[in-house]
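Below, read A as the first sequence line, B as the second, and so on, with proteins coming before strands; counting in each chain starts at 1.
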Number of protein chains: 2
Amino acid sequence: MSATSPIEGERRLRRDAARNRRLILDAAREAFAARGLHVTLDEIARWAGVGVGTVYRRFADKESLIDALFEDGIGEVVALAEDALDYEDSWAGFVHWFEGFVAMQAQDRGLKEVLLSSRGSQQRIAAASERLLPLISRLVKRAQDAGELRADVRPTDIPLMGRMLAGIADITADVSPELFRRYVAIALDGLRVSRDAPSRLPARALKLEQLEAIRRAQ
Amino acid sequence: MSATSPIEGERRLRRDAARNRRLILDAAREAFAARGLHVTLDEIARWAGVGVGTVYRRFADKESLIDALFEDGIGEVVALAEDALDYEDSWAGFVHWFEGFVAMQAQDRGLKEVLLSSRGSQQRIAAASERLLPLISRLVKRAQDAGELRADVRPTDIPLMGRMLAGIADITADVSPELFRRYVAIALDGLRVSRDAPSRLPARALKLEQLEAIRRAQ
DNA sequence: ACTAAGCGGAGATCATACCTCCGCTTATAC
DNA sequence: GTATAAGCGGAGGTATGATCTCCGCTTAGT
């Protein structure tokens, strides 16, 4: 991982410093994934068991830390799409990617926020985005040509539907972390050209009290 | 409307004060609808053309103002559900309500935030919510008994799907205010038991630059 | 023309981030 | 063993942004 190895040309860190850098990155990954990019560096420092000063000595500012972390994450989304294009069955490939795309974001609030906001080093994210969109277009086209994916969706609809589903995953995560898969399944059923019966819904629907709990938690 | 008429038992306002109260409520409605509950009372005051002091003389705090405004809005959602239960065709009734439910939130950020957050006078919203859920259950049951709505969705899924769609409406509103209807249509197609062909998608998909614009705007 | 009611908006107050600074500690090289 | 550069913690400086108060002036209504 690029975030973990020392960059060539930089003077080597003292052993304690290197250890702390790792602690900070690990704490940041966990904290951003669990709670989003809004967590403060003060909190990350406390979580990592170091002082804030130590964080700022290693990373010029919050932006740099976010960069160091999410370069990899975005690469994974792209890799998943490349993977999906190798599927024989084009619909299965599309479903594989789409479910993975949403699930990755559902499990990592930070990634979700990096993916569709303009945080972080604009550059890299924009670049990854430019690599991703053509792949999505090909996944869409293949599945449409096979007569599986409805013909009236356009490639730009897909990341938006992904974001929509990641959004509900965010809201329901605390109460039922797998609930979002129901809505992914319903959305995929809606994206098929035709079908005789609905696919089976994963996870359990919420109980009334759980729905109420979400409203209170907001 | 309860928000506009003077409450009985309260001393009558001087004419200029009454006029200002109206101006404030109108400005607040517009501002909350367009930009969400986070707009400051300072901004609402400027928009209304009065001083902040005037706002705070009429409404104890921001909460009270939100209350005064959204009592009505929540009632409308309930009324729409009651209306939908009168439809002969149970699926059409369900669709009528669901589309309206999402559209109302899409057109009013404030309403959306009031509906599923714990802002405002908890009490009234919780009460409305308790009136609404049984209505949703009946709409769902009717459409399922008729064999139109898939049997494996539960009533609690519906407000969550509504929120999910309202969420994407929020994000895309500036670029294409009707885009969310595409995703409502896809979701409804996914909610049917079976169908031969997809329904026709409303609105136009985004162009690549528009998708990019949304990312930048976040 | 008198006065209670209302007005504007500067600024007090509070909250919350990001980031810096500096006196002290420690790893490492010799 | 010791010198020293590197690193450390965390209190607090700074900036921002929101809510709400206060008070000298204005105006509607009798």
Rounded to whole angstroms, how far apart are [atom1] on [X] and [atom2] on [N]?
X: B:R46; N: C:dC7; atom1: CZ; atom2: C1'; result: 17 Å
X: B:D61; N: D:dT21; atom1: CG; atom2: C1'; result: 14 Å
X: B:I24; N: D:dC20; atom1: CD1; atom2: P; result: 14 Å
X: B:F59; N: C:dG6; atom1: CZ; atom2: P; result: 13 Å
X: B:Y56; N: C:dG9; atom1: OH; atom2: C1'; result: 13 Å
X: B:I44; N: D:dA18; atom1: CD1; atom2: C1'; result: 13 Å
X: A:R15; N: D:dC8; atom1: CZ; atom2: P; result: 14 Å
X: B:R12; N: D:dG29; atom1: CZ; atom2: P; result: 9 Å

A:R57 side-chain N/O to D:dA6 phosphate OP1/OP2 under 4.0 Å: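 Checking D:dA6 against A:R57, no side-chain N or O comes under 4.0 Å of OP1 or OP2.
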
Contact under 4.0 Å: B:N20 side-chain N or O vs C:dC7 OP1/OP2: yes

A:D61 and A:Y56: side chain donor to acceptor below 3.5 Å: no

Test: B:R35 and B:E43 ion pair at under 4.0 Å: yes

Presence of salt bridge, A:R29 and A:D108, under 4.0 angstrom: no

Interatomic spacing from OG1 in B:T54 to CZ in B:R57 - rounded to 0.5 Å: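 Interatomic distance, B:T54 OG1 to B:R57 CZ, rounded to 0.5 Å: 5.0 Å.
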
Reported CG-to-CG distance for the pair B:L115 and B:L132, which is rounded to 0.5 angstrom: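 Rounded to the nearest 0.5 Å, the CG-CG separation comes to 8.5 Å.
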
Nucleotide nearest [X] (side chain, heavy atoms from C-beta), chosen from [options]:
X: A:T54; options: C:dG6, C:dG8, D:dC8; value: D:dC8
X: A:D16; options: C:dA27, C:dA17, C:dG6; value: C:dA27
X: B:K62; options: D:dC8, D:dG9, D:dC20; value: D:dC20

5' priority, DNA chain D, between A:V52 and B:L13 [closest heavy atom]: A:V52

Indicate, with a heavy-atom threshold strictly under 4.0 Å, whether [X] touches base, sugar-phosphate, or nothing.
X: A:D42; answer: base
X: B:R58; answer: sugar-phosphate
X: B:R14; answer: base

First of A:E43 and A:A60 reached from the 5' end of DNA chain C, by closest nucleotide: A:E43

